[in-house]
**Q** 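Got a structure for you, written out below as structure tokens; questions coming shortly.
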There are 2 protein chains.
Amino acid sequence: MHPTFEHHDHSHCCGDSLTRAEALMAERGARLTPVRRRVLELLLESHRALGAYDVLERLSAEGFGNQPPVAYRALDFLVEQGLAHRIQRLNAFTACMHAGEAHAPAFLICRACDTVAEAPVAPVRAALDTAAAELGFVVERASIEALGLCPNCQGAA
Amino acid sequence: MHPTFEHHDHSHCCGDSLTRAEALMAERGARLTPVRRRVLELLLESHRALGAYDVLERLSAEGFGNQPPVAYRALDFLVEQGLAHRIQRLNAFTACMHAGEAHAPAFLICRACDTVAEAPVAPVRAALDTAAAELGFVVERASIEALGLCPNCQGAA
DNA sequence: TCTTGACGTGTTATGATATTACATACTAGA
DNA sequence: TCTAGTATGTAATATCATAACACGTCAAGA
Ligand SMILES: [Zn+2]
Ligand SMILES: [Zn+2]
Ligand SMILES: [Zn+2]
Ligand SMILES: [Zn+2]
């Protein structure tokens, strides 16, 4: 488990993720082009979710295109490749902290500091599959998003 | 559990829900005005989720206001009162099949027929709380939405 | 009775999020 | 080098959501 909520060397955290992403893309023959790479960096800057238009603003300021598809395409690519996740609740995107592990995580979103963490989902997913199966429903994809307080913000509240 | 996926007497299903809603609103001193009531009826018509603009179109055709706030206000009211739920994934709303029971359900969304059912969430929620607690995170509200195939559509696929 | 304040509704305008369609440019093989 | 597939840029538009204000109703309470 990545220690999103703990104090950690975040520049290593970003660097490692980027390195890992590059390795994965090479392995798969997918191209981590400049825009895509830059968007991933932007998402990695903080353990928060960024809206597509936030990303676009940054890209645009740096000389990339300034129309929505520029951001959406890069974000969609990262999501497809499992390097980022979309947070439905926030209409926003966050870098994946477990790239390459093929997972559909649960997200823990702190309502105070906006930090987004990925929680291990296996038992939750199992419970969901069971509940669904009782109704005859077969779950293909699930989005599980929790809003609450991260350990660092529980004192303040 | 409401038999959303089973064949059922849907006009009773709607009628019962409406009656129940009226009773609840009376109990709470909240007002189920004509617009609000009509929106609830629209949501009850099918076990599907309706977008705010779908609702608005119907309202408008029936002589209510034709601007977005008309729909959003009624929908927000129903959600606050627990008579409807918002489905994040679909940017849409669905009538609650368990009004008054104070619950935050899991939604099962059939990707073939768009039917939305509510599944019992207690074990799922417990698993989520546990997973979150291991990271020191306190869950306040969770949205759990599953995409898959309902029993009726599993044959076709 | 008159006032007043809370609530509900209608409307205008705008903001926020997302996609379609088409043109241009790059890249990897044949 | 040619070419097909992929990536990027841009304009236009679609879809989802809210802010702000005007007006009407109704029920306290002066
Ligand atoms: Zn970090
Ligand atoms: Zn926090
Ligand atoms: Zn029914
Ligand atoms: Zn179905």
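Here is how names work: the chains are called A, B, and so on, in the same order as the sequence lines, proteins then strands, and each is numbered from 1.
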**Q** Below 4.0 angstrom from OP1 or OP2 of D:dA17, is there any side-chain N or O of B:Asn91?
**A**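 So the side chain of B:Asn91 is within the cut-off, an N or O lying under 4.0 Å from OP1 or OP2 of D:dA17.
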**Q** Can you say whether a donor on the side chain of A:Tyr53 sits under 3.5 Å from an acceptor on the base of C:dA18, or the other way round?
**A**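 Flag set: donor-acceptor pair detected.
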**Q** Are A:Asp54 and A:Arg58 ion-paired here, with the side-chain N under 4.0 Å from a carboxylate O?
**A**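 Not counted as a salt bridge, because no side-chain N and carboxylate O are separated by less than 4.0 Å.
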**Q** Under 4.0 angstrom, heavy atoms only, what part of the nucleic acid is B:Arg36 near: base, sugar-phosphate, or nothing?
**A**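 Sugar-phosphate contact only - B:Arg36 comes under 4.0 Å of backbone atoms but never of a base.
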**Q** Here's a test of your reading of the structure: between B:Ala30 and B:Val70, which maps to the more 5' nucleotide of DNA chain C?
**A**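 The residue mapped nearer the 5' terminus is B:Ala30.
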**Q** B:Pro68 or B:Pro34: which one's nearest nucleotide on DNA chain C is closer to the 5' end?
**A**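 Nearest-nucleotide comparison on DNA chain C picks B:Pro34.
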**Q** For B:Arg20 and B:Asp16: C-alpha separation, side-chain torsions, deciding distance, then whether salt bridge (charged side-chain N to carboxylate O under 4.0 Å, His left out) applies.
**A** CA-CA 6 Å; B:Arg20 181 149 187 67; B:Asp16 291 355; over 6 Å; no
**Q** Between B:His8 and B:His47 (judged by ring centroids, cut-off 6.0 Å), do the two rings come close enough to count as a pair?
**A**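 So the answer is yes for these two rings.
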**Q** For the residue pair B:Phe137 and A:Phe5, does the interplanar ring angle fall in the parallel (under 30°), tilted (30 to 60°) or perpendicular (over 60°) class?
**A**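 Judged by the thresholds at 30° and 60°, the geometry between B:Phe137 and A:Phe5 is parallel.
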**Q** The side chain of B:Tyr72 lies closest to which of these nucleotides: D:dA11, C:dT9, D:dA17?
**A**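 Side chain of B:Tyr72 sits closest to D:dA17.
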**Q** Would you classify B:Arg31 as touching base, sugar-phosphate or nothing, given that sugar-phosphate means primed atoms plus P, OP1 and OP2, and contacts are heavy atoms under 4.0 Å?
**A**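 Answer is sugar-phosphate: B:Arg31 comes under 4.0 Å of backbone atoms only.
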**Q** Can you tell me the distance, in whole Å, between the CG atom of A:Leu59 and the P atom of D:dG9?
**A**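 So the CG-P distance, A:Leu59 to D:dG9, works out to 9 Å.
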**Q** Phosphate oxygens OP1/OP2 of C:dT9: is one of them under 4.0 Å from a side-chain N or O of B:Arg38?
**A**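 So the side-chain polar atoms of B:Arg38 never come under 4.0 Å of the phosphate oxygens OP1 or OP2 of C:dT9.
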**Q** How close or far is atom C1' of C:dT19 from atom CG of A:Asp76, stated in whole angstroms?
**A**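 That distance rounds to 10 Å.
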